[in-house]
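Chain A is the first sequence line, chain B the second, and so forth, proteins listed ahead of strands; every chain is numbered from 1.
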Number of protein chains: 2
Amino acid sequence: MTETGETDLVRRWRDVLACYSTVSCALDRALQEAHGIGMSEFEVLDRLIDASCGDLRMHDLAGSMYLSQSALSRTVARLERDGLVERSMCADDRRAIFVKLTAAGRERHSRARTTQRAVLAQHLAAEPARA
Amino acid sequence: MTETGETDLVRRWRDVLACYSTVSCALDRALQEAHGIGMSEFEVLDRLIDASCGDLRMHDLAGSMYLSQSALSRTVARLERDGLVERSMCADDRRAIFVKLTAAGRERHSRARTTQRAVLAQHLAAEPARA
DNA sequence: ACGCATTAAATGCAGTTGCATCTTCGGGGG
DNA sequence: CCCCCGAAGATGCAACTGCATTTAATGCGT
């Protein structure tokens with residue numbers, strides 16, 4: 001049953017921390033530099049691509065993101081400002097907001113994904129990330 | 001030679017992200033709630049405990065932290081404000097600053113470490129965190 | 001000894017985040 | 001039909017972070 005001792009746990013946590021810090025820093029930097037978006041923005045685009053129709057309700061997006069509701073709201077606002085997504089009301093429930101990829105959004109995601117893969121290959125492959 | 005495919009890399013990254021988000025959120029919350037310090041503050045105390053004499057130069061601290069130089073400077077300022085560390089000049093190099101644990105700092109770290117271990121045991125043991 | 005590039009640390013500033021709150025809307029009771 | 005509670009999103013606010021710059025001190029070359 002794994003039986004992880006305390007010291008072992010701390011070591012694993014340090015590994016996760018090291019891995020996360022290195023990769024997220026490199027990823028954020030690369031995405032910002034090459035495509036003008038941050039990790040959070042990319043994550044949103046990624047979720048929208050995964051959704052079959054390319055649109056989701058804010059609430060559903062929030063569920064699959066590691067971001068508070070307010071942070072997500074602002075992230076989507078930035079994406080909309082940059083023309084990468086559109087927000088539209090939902091007829092069924094007028095409180096809900098649909099977030100939908102634009103053509104520019106798909107394009108940006110496609111390019112950004114290449115960068116993401118490259119950064120992961122460079123910084124995650126090298127990392128042990130496992131005890 | 002591991003031969004990690006692209007999809008595999010992305011999956012591993014998602015795992016790290018999930019693990020980090022869950023644990024860091026719980027940890028930060030627990031430390032703040034129970035001891036009035038955040039993760040960064042705890043990390044600094046932890047490094048100082050690890051240092052045999054209980055003191056380090058800012059520059060050395062910076063090297064072992066996943067934090068920018070400016071963020072570290074402010075984190076130490078908060079710790080000093082709370083009386084958990086003391087800053088003192090270094091005679092050898094008057095640009096350098098020594099950061100030294102106070103008795104209160106040792107005490108706080110000791111208690112906080114218990115909380116840390118508990119959170120890790122609860123949230124990290126459950127996580128797969130490895131592909 | 002003087003100046004200049006470099007290093008350690010601090011600080012102004014802008015950007016992102018989370019919490020609490022606010023607004024708007026939906027869904028029951030009475 | 002009206003009222004109240006809860007849900008979906010947006011927003012004010014304070015805290016933390018990183019970047020760029022500043023201040024102060026070291027030391028190397030002349």
Between [N] atom [atom2] and [X] atom [atom1], what is the distance in whole Å?
{"X": "A:Arg78", "N": "D:dT11", "atom1": "CZ", "atom2": "P", "value": "13 Å"}
{"X": "A:Arg95", "N": "D:dA8", "atom1": "CZ", "atom2": "C1'", "value": "6 Å"}
{"X": "A:Arg94", "N": "D:dA10", "atom1": "CZ", "atom2": "C1'", "value": "17 Å"}

Heavy atom of residues 29-42 of chain B under 4.0 Å from DNA chain D: which residues?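 Those residues whose heavy atoms fall under 4.0 Å from DNA chain D, taken from residues 29-42 of chain B in numerical order, are B:Ser40.
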Which ones in residues 57-76 of chain A lie close to DNA chain D, meaning a heavy atom under 4.0 Å from one of its atoms?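 Going residue by residue through residues 57-76 of chain A, the ones with a heavy atom under 4.0 Å of DNA chain D turn out to be A:Arg57, A:Met58, A:His59, A:Gln69, A:Ser70, A:Ser73, A:Arg74.
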Contact list for residues 92-101 of chain A, test side chain to side chain donor-acceptor pair (under 3.5 Å), sequence neighbours left out: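 Checked against side chain to side chain donor-acceptor pair (under 3.5 Å) - neighbours excluded - the pairs reaching residues 92-101 of chain A are A:Asp93-A:Arg95.
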Would you confirm whether [X], through its side chain, and [Y], through its main-chain N or O, come within 3.5 Å as a donor-acceptor pair?
{"X": "B:Arg87", "Y": "B:Ile97", "value": "no"}
{"X": "B:Gln32", "Y": "B:Arg29", "value": "no"}
{"X": "B:Ser24", "Y": "B:Tyr20", "value": "yes"}
{"X": "B:Arg108", "Y": "B:Leu84", "value": "no"}
{"X": "B:Ser73", "Y": "B:Gln69", "value": "no"}
{"X": "B:Asp28", "Y": "B:Met39", "value": "yes"}
{"X": "A:Ser21", "Y": "A:Ala18", "value": "no"}

Going by the ring pair (Phe, Tyr, Trp, His ring centres under 6.0 Å) test, which pairs reach into residues 77-97 of chain A, not counting sequence neighbours?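 Sorted pair list comes back empty.
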What is the 5' to 3' range of DNA chain C, first to last nucleotide, that sits under 4.0 Å from any heavy atom of chain A?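 Nucleotide range in contact with chain A: C:dT16 to C:dG26.
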Counting only side-chain nitrogens and oxygens, does A:Arg87 get under 4.0 Å of the OP1 or OP2 atom of D:dA10?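 It does, given that an N or O in the side chain of A:Arg87 lies less than 4.0 Å from OP1 or OP2 of D:dA10.
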Partner set under salt bridge (charged side-chain N to carboxylate O under 4.0 Å, His left out) for B:Arg57, not counting sequence neighbours: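 Testing B:Arg57 for salt bridge (charged side-chain N to carboxylate O under 4.0 Å, His left out), a comparison that skips the adjacent residues, returns B:Asp60.
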